[in-house]
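Note that ligands are numbered from 1 as they come in the structure, with each ligand's atoms numbered from 1 the same way.
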Amino acid sequence: MSERTVREARRAAVVGAGAWGTTFACLLAEAGTPTTLWARRDHVAAEINAGSNERYVPGRRLPEGVSATSDLGRAVEGADLIVVAVPSQSAREVLSPLQGGLGPDVLAVSLMKGVELGTGLRMSQVLTEALDLPAERVAVISGPNLADEIAARQPTATVVAATDEAVAARVAALCATSTFRPYTNTDVLGVELCGAIKNVIALAVGAAVGCGFGDNSKATIITRGLVEITRLGMALGASPETFSGLAGLGDLVATCSSPLSRNQAFGRHLGQGMSVMEASRASRGVAEGAKSARAVLDLAAAHNVEMPITAGVVAVVEGRATVTEINDALLARPRKAEGVNAAPAEGAGGTDPAN
Ligand SMILES: NC(=O)C1=CN([C@@H]2O[C@H](COP(=O)(O)OP(=O)(O)OC[C@H]3O[C@@H](n4cnc5c(N)ncnc54)[C@H](O)[C@@H]3O)[C@@H](O)[C@H]2O)C=CC1
Ligand SMILES: O=C(CO)COP(=O)(O)O
């Protein structure tokens, strides 16, 4: 990609003024790019223009370079970097008014961690379609990035992935600050799959915690969850290195261990006996894993990949099984060797009702 097409952004827009969208706008502004947030609601835009976003970034003063509007067209006007941070399942609809209207120099970035229901598309693919952009102009950012900690300026690393290394490097330069350190990667597929599926695994870890189980159970689900992510990623052509990197193991560990994680909290509520509706109401933000689990499982089925933990999460969020039933079913599965592609051990007993 030419120097002209990846030149420095003069202005950025962030579509979605939730926890991560607002925090990321602050990073861009701190790194030197004035940034306009699109907020769904007028009063949130007005509050951001007055210097705060108490619901999503409580107790923080937003920097000078951050402004907001509830008019999507105005938010993206003149922006050569468009970052998207709305719940995954609403991205296509939110972006539809922008289709075909963006200039040739625009780069788009997905901060979202989900897979679209019905299409099985990753968020970079949704952005490519919805914004009518060539795939090489779409980057993704994923990693152990709990927004609250980044807003508190705690040291954090992330991965900026784009098929064109120059685009990844440009986006990384635009969001790098003294506390936020981006690494680049050209494995967009692997980075996105890791981000979406770790939410499903965090939900499963939360469910175990809600049942009162301790660190052995958590570590088991994290480790076998990584096996599921790796299996599907390898089947789809991701790079093996990605799974042990920041977007893979890094984000899995952060999300599954943190009480700040909405996915983990959602699972915890289910494990404590709440219904899906009650868990959803109790959540303080989007729990992407609850929706993406079905899309991930469908993708796995289409590629003949076994994902028993993901299947268990789907069964629970679709109301077909309780957490206790899934726990029992997972433990009763046929014994097998530990590797990513291992088949059931010969003579191993058990069934696999989670699938
Ligand atoms: N919060 C975090 O720590 C991180 C979040 N992410 C990802 O970023 C994405 C956004 O997450 P957050 O900002 O945390 O979510 P959030 O729940 O804090 O905010 C979501 C934003 O989208 C808006 N929104 C909700 N439903 C909508 C709809 N149907 N149409 C249009 N706008 C809608 C809300 O008004 C809000 O402004 C998710 O995919 C999440 O997985 C990724 C890394 C870190
Ligand atoms: O993606 C995240 C951390 O990297 C945020 O996780 P939750 O969406 O579960 O809060």
Note: [X]-[Y] ion pair, threshold 4.0 Å (strictly below):
| X | Y | value |
| --- | --- | --- |
| D80 | R11 | no |
| R122 | E116 | no |
| E325 | R320 | no |
| D251 | K113 | yes |
| E228 | K198 | no |

Got the closest protein heavy atom to [atom], with its distance?
| atom | value |
| --- | --- |
| atom 4 (O) of ligand 2 | D251 OD1, 2.7 Å |
| atom 18 (O) of ligand 1 | A19 N, 2.9 Å |
| atom 8 (O) of ligand 2 | R262 NH2, 3.0 Å |
| atom 44 (C) of ligand 1 | N145 O, 2.9 Å |
| atom 37 (O) of ligand 1 | G18 N, 3.2 Å |
| atom 38 (C) of ligand 1 | E288 OE2, 3.2 Å |

Just distances here: any N/O of [X] and N/O of ligand 1 closer than 3.5 Å?
| X | value |
| --- | --- |
| R40 | yes |
| W20 | yes |
| M112 | no |

Just which atoms of ligand 2 are under 4.0 Å from any heavy atom in [X]?
| X | result |
| --- | --- |
| N263 | 7 (P), 8 (O), 9 (O) |
| K198 | 1 (O), 2 (C), 3 (C), 5 (C), 6 (O) |
| K113 | 1 (O), 2 (C), 3 (C), 4 (O) |

Under 3.5 Å side-chain donor-acceptor pair for S67 and N49: no
Applying a strict 4.0 Å limit to heavy atoms, is [X] in contact with ligand 1?
| X | value |
| --- | --- |
| R262 | yes |
| G114 | no |
| R41 | yes |

Can you tell me if [X] uses its side chain to pair, donor with acceptor, with the backbone of [Y] under 3.5 Å?
| X | Y | answer |
| --- | --- | --- |
| E288 | P87 | no |
| S217 | F213 | no |
| S257 | T255 | no |

Name the residue from L299, V313, L117 that meets the side chain to side chain contact (heavy atoms under 4.5 Å, CB included) definition with R294. L117
So, applying side chain to side chain contact (heavy atoms under 4.5 Å, CB included) with I48, which one of N53, T36, V57 is it? N53
Taking 4.0 angstrom as the limit and counting only heavy atoms of [X], give me the atoms of ligand 1 inside it, by number and element.
| X | value |
| --- | --- |
| G285 | 17 (O) |
| A17 | 37 (O) |
| A147 | 1 (N), 2 (C), 3 (O) |
| K113 | 39 (O), 41 (O), 42 (C), 43 (C) |
| V286 | 11 (O), 15 (O), 17 (O) |
| L146 | 3 (O) |
| A85 | 10 (C) |
| Y56 | 16 (P), 18 (O), 19 (O), 34 (C), 35 (O), 36 (C) |

Side chain, backbone, both or neither: which applies to S90 and ligand 1 if a contact is any heavy-atom pair less than 4.0 Å apart? side chain
Quick one: does G143 get an N or O within less than 3.5 Å of an N or O on ligand 2? yes
Quick one: does Q264 get an N or O within less than 3.5 Å of an N or O on ligand 2? no
Residues in side-chain contact (heavy atoms from CB on, under 4.5 Å) contact with T156, at least two apart in sequence or another chain: N145, I150, F180
Take atom [atom1] in [X]; do more than 12 heavy atoms of anything else shown fall under 6.0 Å from it?
| X | atom1 | result |
| --- | --- | --- |
| E64 | CD | no |
| R224 | CZ | yes |
| E318 | CD | yes |

Identify which of L111, V94, V44 has a heavy atom lying nearest to atom 31 (C) of ligand 1. V94
Just going by heavy-atom distances, which of G16, A39, P87 is nearest to atom 20 (C) of ligand 1? P87
Geometric cation-pi criterion R262 and F266, 6.0 Å radius, 45° cone: no
Using side chain to side chain donor-acceptor pair (under 3.5 Å) as the criterion, point out the one residue from T184, N185, T186 that pairs with E165. T184
Ligand 2 versus E288, non-hydrogen atoms closer than 4.0 Å: side chain, backbone, both, neither? neither
